[in-house]
Protein chains: 2
Amino acid sequence: MRDLTLFRSLGDEAFAQLMDAAYLQRFPPGVVLISENERADFLHVVVEGTVEMFATSHGRETTIELIRPVGLFLLAAVLKDQIYLQSARTLAKSQLLLIPAEKVRMAMERELPFMRAIVMELASDYRSTIRDLKSLKLRTSAERLANWLLRAEAEQGGSGQIELPCEKRTLAARLGMTPENLSRAFASLSAYGVQSKGSIVAISDLSRLSDFAAPDPLIDERDPS
Amino acid sequence: MRDLTLFRSLGDEAFAQLMDAAYLQRFPPGVVLISENERADFLHVVVEGTVEMFATSHGRETTIELIRPVGLFLLAAVLKDQIYLQSARTLAKSQLLLIPAEKVRMAMERELPFMRAIVMELASDYRSTIRDLKSLKLRTSAERLANWLLRAEAEQGGSGQIELPCEKRTLAARLGMTPENLSRAFASLSAYGVQSKGSIVAISDLSRLSDFAAPDPLIDERDPS
DNA sequence: CGGCGCTTTGAGGGAATTCAAACTTAGTGG
DNA sequence: CCACTAAGTTTGAATTCCCTCAAAGCGCCG
């Protein structure tokens with residue numbers, strides 16, 4: 001927990017207070033943790049497992065983001081004391097820490113370094129969402145997939161192999177397309193050395209894929225923290 | 001200037017210090033104020049006119065947002081001391097206040113209420129970007145236009161008439177489509193009582209348009225501040 | 001008044017979605 | 001351990017949506 005940049009900023013006492021008020025809970029896969037339109041009662045921290053942030057409107061649904069350990073979500077809604085704009089469900093067996101919203105806001109008021117860390121966290125989240133927006137508006141679906149693969153490959157150690165963190169249907173929604181379309185995108189990337197078998201993807205020639213993907217640091221690279 | 005929620009939080013002295021260090025500048029239309037990939041040197045405040053935030057990648061370009069008085073941009077990049085992810089250009093004759101990034105960060109450290117206001121501003125910006133993302137991923141282009149029109153109508157006083165704040169090509173990019181497609185979207189909305197002539201759009205029957213648009217509070221409504 | 005640029009319209013093509021069905025995989029219960 | 005089921009994935013065909021290219025119309029400003 002303390003590994004989180006956000007909580008590293010807290011003094012021991014304040015950290016203990018937050019933890020005392022928090023609930024550590026386990027959930028099986030497929031549980032809807034929160035639904036959009038509810039009031040923000042808890043800041044959620046993913047300690048173990050995977051959580052999908054998704055959104056619906058008039059029967060349609062899409063994935064906004066995947067949260068994996070150690071990551072938090074709903075911070076903006078908690079701070080503004082507003083309703084959630086996104087829903088969340090577990091994709092795998094997960095362990096979450098629920099911190100009462102009120103306690104988070106109190107800790108922020110009491111500890112300047114914590115508020116500073118919150119500013120940085122929010123700024124990062126904002127910028128990361130802008131990157132997503134740019135990717136959606138400036139790229140085709142195959143390009144989005146190609147760049148997503150390149151980044152996943154690097155994050156998973158650069159072995160040329162990727163293990164998908166979720167089902168393909170979810171990845172499709174995350175990248176803004178249908179499952180069928182993702183399947184076709186994978187098929188079209190086979191011309192650039194991409195082979196997918198189940199949840200394992202192999203990239204035989206990074207530079208060839210990179211030529212097609214044309215990665216853009218202003219979309220694909222993460223801010224240095 | 002002091003009307004801005006962000007600056008209302010500043011003490012008189014700190015506010016004066018910020019203003020002393022800032023530059024008030026006028027720009028003709030069509031000037032590129034900042035380009036993505038540059039380091040964040042100034043927080044920008046639009047005092048008069050209109051600024052378009054846009055982004056490019058490999059020859060493609062899109063509009064992210066329009067900023068009008070009194071609004072600010074580049075806050076996240078300034079706080080993180082990072083490069084900009086977006087470019088900015090004036091659409092009309094504009095007057096901007098440029099506040100050195102370093103001064104903003106210093107003011108934040110010195111004044112707790114200012115930092116608190118920054119937290120709220122960032123949280124709002126984040127949530128508003130999430131709304132954009134949902135709109136893009138969950139709606140067709142005609143639906144995005146219809147909902148944009150409904151919101152613009154309300155913001156402009158509910159007279160049933162809208163004056164477009166920018167050229168249609170820019171609105172098209174803002175909504176994630178081509179100018180041709182926007183034109184066709186307008187044509188298709190004429191079945192729901194929408195007439196556009198130049199930069200004036202008339203809605204003859206709000207409820208009919210609303211039936212088609214199916215506005216969703218979690219996408220179209222702004223947070224109460 | 002003329003020219004430039006934006007907007008509209010049309011035609012054609014490409015990309016993505018929908019619908020449907022076959023196939024694969026994982027998980028369950030016999 | 002195997003068969004069976006259910007769900008996820010892939011493939012195919014048809015459709016819709018959107019984009020590109022091209023040309024014509026229109027408005028605005030010099």
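Each chain gets a letter, A, B and so on, in the order its sequence line appears, and its residues count up from 1. Source: prediction; values computed, not measured.
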Given the options Thr63(B), Asp132(B), Thr62(B), Arg174(B) meets side-chain hydrogen bond (donor to acceptor under 3.5 Å, both in side chains) only with Asp132(B)
Nearest-Å distance for atom pair [atom1]/[atom2], residues [X] and [N]:
X	N	atom1	atom2	answer
Lys197(A)	dT25(C)	NZ	P	8 Å
Lys168(A)	dT10(D)	NZ	C1'	9 Å
Leu182(B)	dT9(C)	CG	C1'	14 Å
Leu171(A)	dT10(D)	CG	P	11 Å
Arg139(A)	dA16(C)	CZ	C1'	18 Å
Asn181(B)	dA15(C)	CG	P	16 Å
Arg169(A)	dA6(D)	CZ	C1'	12 Å
Leu175(A)	dT17(C)	CG	C1'	16 Å

Return no unless some side-chain N or O of Thr140(A) is found under 4.0 Å from OP1 or OP2 of dA15(C). no
Measuring from the side chain of [X] (C-beta onward, heavy atoms only), which nucleotide among [options] has the closest atom?
X	options	value
Glu180(A)	dA20(C), dG8(D), dA16(C)	dA20(C)
Ser183(A)	dA11(C), dT11(D), dA22(D)	dT11(D)
Thr178(A)	dT18(C), dT20(D), dT8(C)	dT18(C)
Glu167(B)	dT10(D), dC6(C), dC19(D)	dC6(C)
Arg184(A)	dG12(D), dT10(D), dC19(D)	dG12(D)

Measuring only between side-chain heavy atoms, which start at C-beta, is Asn147(A) closer than 4.5 Å to Ile219(A)? no
Under 4.5 Å between any side-chain heavy atoms of Ile67(B) and His44(B), yes or no? no
Gln195(B) versus Ser204(B), side-chain donor and acceptor atoms under 3.5 Å: no
Between Lys168(A) and Ser183(A), do the side chains contain an N or O donor and an N or O acceptor separated by less than 3.5 Å? no
